[in-house]
Amino acid sequence: MATPRTTSELDSVALETELLSTWQDEKLFEATVENRAEGEPFIFLEGPPTANGKPGIHHVVARTYKDLVCRWKTMQGNFVERKGGWDTHGLPVEIEVQKRLDLMSNEAIEAFGMEEFNKECRESVWTYEAAWREMTERMAYWCDLDEPYVTLHNEFIESCWWALKQMFDKGLLYRGYKVLPYCPQTGTSYSSHEVALGYKEVEEPSVYVKFKLEDTNASILAWTTTPWTLPGNVGLAVGPDVEYVRVRVTATPEKWEGHGGAEIGEELILAKDLFKEVIRHHCEEVETFPGSDLIGRSYEPLFPGAVDRNGSESAWTVIGADWVTTTDGTGVVHTAVMYGEDDYNLGMEVGLPAQHTVAMDGSFLEGTHSELDGRYVKDCDETIIKLMHDSGLLYREKMYLHDYPHCWRTGHPLLYYAMDSWFVKMTAVKDKLLEFNSQVEWAPDWVGEGRFGEWLRNVKDWAISRERYWGTPLPVWICGECGKQHCVGSTEEMASMAKEGSPVAEDLHRPYVDDTILACPECGGDMKREPFVMDCWFDSGCASFAQWHHPFGEEGKFENNFPIDYICEGVDQTRGWFYTLLAVSTTVFDSICYKRCLSLGLILDAEGKKMSKSKGNIVDPWDHFNREGADATRWYMVTAGAPWNPLKFDPNGVRETYGKMFLTLWNIHRFHSDYAALDGFDPASSPRGNNTPLDNWVLSRLAEVVAGTTKQFEEWDFHKACRDIEEFVVNDVSNWYVRRSRRRLWDEADSDDKLACQHTLHTVLVTVSRLMAPVSPFMSDAIHRNLVGESVHMADWPEAGDVDSEIIETMALVRELAETGRRIRVDADRRQRLPCAEGWIVSGPDLSAFHEILAEELNVEIISLEKDLDRFQKIEVVPNRRSLGAKCRQDLPAVLQGIADGDSEAMLASIEAGNLVISGYEIGKDDIELRRIEREGFAAQTVQIADSSVSLVLDMSDSPELLSRGLARDITRRIQAARKDLDLAIEDTISLQVWMKDAPELYGEDSAWIINETRASSADFKIGEGQGESFEVDGATIWYSVSRS
RNA sequence: GCGCGGGUAGCUUAGUCGGCUGGAGCACCCGGCUGAUAACCGGGAGGUCGCAGGUUCAAGUCCUGCCUCGCGCACCA
């Protein structure tokens, strides 16, 4: 503790940047962590960002919530380590490089050279690292960026390999197909994110095709918008509970457009609901039946020989599927196993042959059909339609308008295509996932139950392989001789299994790792690596242990830091990182991964639109760091709303926060420290003085805020906590406590009262800075350092003191009365500076401790308590609706009317006698509330506080003494303004001249008061007209002249 | 289309178990106050509480449907 230094006007940017270098010199972050080395660990995990994009304001939001929780927990005594991390793999990195080097296909990349390409990727991921670091430091996100985990490091990759091997050993890793949107031009399949970029509305031919049943003379009608999938047809799906109809064609239609048609007498089957929409011919209904009757019936293949039966019993039969609907088409879904997700899943379920009819380059495979083989499928629509037409299998064609995904790079339509993939069998651990999820404390809880729970309930096997170049290589090798699959779990294992003479990759990336040939442990044959890399989400999903290079000799780091206590990211990570962390921990450790997860809302611009580069509505955090500072920016983001709600980022809001919260707080601090420095106040050694009720009140409010903040932080309501702190600082401390205490500190002698005030201000400021430190770490530290001599970030989280709720209520009433007094004056047209002789407070609690304050605020000579309530107040009976409503139900309006019409005094008497009956209901004490209101004819108003009513009455009479005092106040006010205009220091003295015309007499004691208040070394008061500045008050004209003496 | 979350004054927002006249802040207008900072106080104007039904003595609050915005899923035959 030490005497505070005086402070200057606020320059928040300078304050913050100076503190940053102080922190750096002191290695303060490290010190705050070490300071709690013996504390209970609170484990945080940083979700790794990618540094190949510029950091934006939304990253500042996420980092604020990460930071504030970690800082808060540290202050509470927890040991909180914060290791940084970088996500460095994945398609976005490749695409950046491809764009820059104009390598828009896999062929182009391979011609360029995979080794070179990956080198470019490796460099590209650091493009914005410096920008990230600067942002992180400037916003005071405390996180170890010097020893971060990096997903491209061999150590990290090795841990990922180890994890995958755990899955492999548990039989959770398998090879299969996954239907993905695929671009045959670039040879790439896309994630849903990228697909979303490329939806285009297109009009394409769709066709209704007849599938001839084998055991009866009828055809099932099915509809498709992708004629190119028809050669791959191996099944028809119907809804078992959907009603179908079999119709016979009786006459041709009047009009017909396009290909197709039907013969008279031909029989067709389709969903009854869709009959009218689809069938153009005149028909008679033969029979109706549920879809289940169709299941198992065989039909003739459209393109015989295009797909081999391959032993399948179910090929070219009707299959039941409950997802079939009758919203469009025919209620019959043409199923081509390899070209649709539902199709594929259904095919696997019932054992349809899984065979491609289309090659990876998008052309039909040889043997499909002589007119189609080798041609690009999208060019074959017309041919296929013609083939169908010619063989009488086409019923209709119809142009169909829909959104269809296109390659966002080349603009070509994507094909849903079954890709060779490796999967983690997440479906096998679904129950575990759900159970673990139920153990996570989600904020907000509905994300856990809703969005995330929904996702888990529909969990699919995780396709973790990608046919790409830049990523963690899939550590699975397959023997070319016997087909044995082996999953490598460490670099050592890879080296020990390497075939004699084979290179052993030192850098674990492609292409080096591709060259490592293993010797098959079964047959000794050559094993080659599966040429995939892993989904980069797998990398970050491994972060909880791979950051420590677990389990490769990291000395218990992992065991001590798992499971994680707290993670925090944007809600868009629900299906991303939130999921992959849980997916990996469930399959590898059979454990939850994190105990608490804060899911943040999206950040929008001030208009509520999503921020995006193309809209140009991106907010650059530096605009605010360099203007209002990081504190105001962070505080604004936290107080603007609940963390999980979308944040409309309004630059004016940051400005407002700065002006209101930080400027005010700074000036409170300045006010305190200036006097403390002047007086040599030392909180440790200066005598305490006797607290006034005002001191006790603000300390009680402080205790209330401490308790509230702690509770709200625990409940994730950071926004509420900070709004309360702000309210306290601005309203209670600045606008009331400091305003009411100014004169106490002006006292030049070391008075008891001044010391009490200084100790109080010290406590309030120190405690408030501790409460604010997690959210706004700069100003809180500057204040704390100045007052305590130590960084706030080394300090303990405050403990709430005793709350005297009586004094808080009393003060609320006092302030209400002060405001009421001004209202009375407005109504009575009496100016504030003209004192009233007397004011009466009628009923209510004892306010005598605050009579002095009230007298000053109200500008009355004497405040007295009026005991005779009836002198100024009368009683009003108001209904208690809650109680009456339960009693009277539908008769309530009549009863309310009865009470409103009744005479309050008479009703009260009846109630006390127990015989008040209104509209047939007996009205008791609980059914009403008593309210006292002021009688008419007085300058008075009544306020209701809690269950008491208090009236304030002001005496409006004048006297020469009062007029003199009022005049003195008005003159003083003008002279003080003049002093300010002259830019005089507070201790400067002035020469003063005053002329008064038509003014009331100014008494000697009042002119002396003016002289004292305005620090006049000489003063001259004259009657008559004068010169210089003048003003009028109540008919008098006053001239005055002020000069420095 | 399905799921989740929003829609309260020009803007930002509070509103508990359904209960007294829907509170604040910013901006605006009028007045007051001030050696008090980008301050403060009083008053005013500004509200179809997204719309329509329903339940209830009583709905911003509960129920149903719809509109609308955001997000996610599915856009599929």
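The figures that follow rest on heavy atoms only: side chains count, while hydrogens, waters and symmetry mates do not. In what follows, every chain begins at residue 1, and chains take the letters A, B, ... in the order their sequences are listed.
When heavy atoms are screened at a 4.0 angstrom cut-off, R973(A) is found touching base atoms of the nucleic acid. Residue A818(A) is out of contact with every strand shown, counting any heavy-atom pair closer than 4.0 Å. In this structure, R931(A) reaches the bases: a heavy-atom distance under 4.0 Å links it to at least one base atom across the strands shown. Within 4.0 Å (heavy atoms only), L984(A) reaches at least one base atom of the nucleic acid. Across all strands shown, R889(A) has heavy atoms under 4.0 Å from base atoms, whether or not it also approaches the sugar-phosphate. Heavy atoms of Y416(A) sit nowhere under 4.0 angstrom from any nucleic acid atom. Heavy atoms of T224(A) sit under 4.0 angstrom from primed sugar atoms or phosphate atoms, though from no base atom. As judged by a 4.0 angstrom heavy-atom cut-off over every strand, E929(A) is placed among the base-contacting residues. Across all strands shown, G885(A) has heavy atoms under 4.0 Å from base atoms, whether or not it also approaches the sugar-phosphate.
Taking 4.0 Å as the cut-off between side-chain N and carboxylate O, R1044(A) and D988(A) count as a salt-bridged pair. Remark: E857(A) engages R740(A) in a salt bridge, criterion side-chain N to carboxylate O under 4.0 Å.
In this structure, R742(A) forms a cation-pi arrangement with F671(A), its terminal cationic atom sitting closer than 6.0 Å to the ring centre and no more than 45° off the ring axis.
Side-chain to base pairing of R655(A) with A38(B): one donor and one acceptor N or O lie within less than 3.5 Å of each other.
Picking from A77(B), U21(B), G25(B) the nucleotide with the shortest atom distance to the side chain of T225(A) gives A77(B). Ranking A77(B), C57(B), G35(B) by closeness to the P893(A) side chain, first place goes to C57(B). You'll find that the side chain of V826(A) is closest to G42(B), out of U37(B), G42(B), A38(B). Nearest to the side chain of R882(A), among G72(B), C17(B), A77(B), sits C17(B).
Between R575(A) and C73(B) there is no side-chain polar atom (N or O) within less than 4.0 angstrom of OP1 or OP2. When the side-chain nitrogen and oxygen atoms of K648(A) are compared with OP1 and OP2 of U12(B), one or more of them lie within a distance under 4.0 Å.
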Reading nucleotides 1-10 of chain B from 5' to 3' and marking B where a protein heavy atom lies under 4.0 Å of the base, S where only the sugar-phosphate is that close, and - otherwise, the string is --BSS-----

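For Y417(A) and Y339(A), the gap between ring centers is short of 6.0 Å. For H624(A) and F649(A), the distance between ring centers is under 6.0 angstrom. For Y395(A) and Y208(A), the gap between ring centers reaches or exceeds 6.0 Å.
By the 30° and 60° cut-offs, the orientation of the rings of W442(A) relative to F452(A) is tilted.
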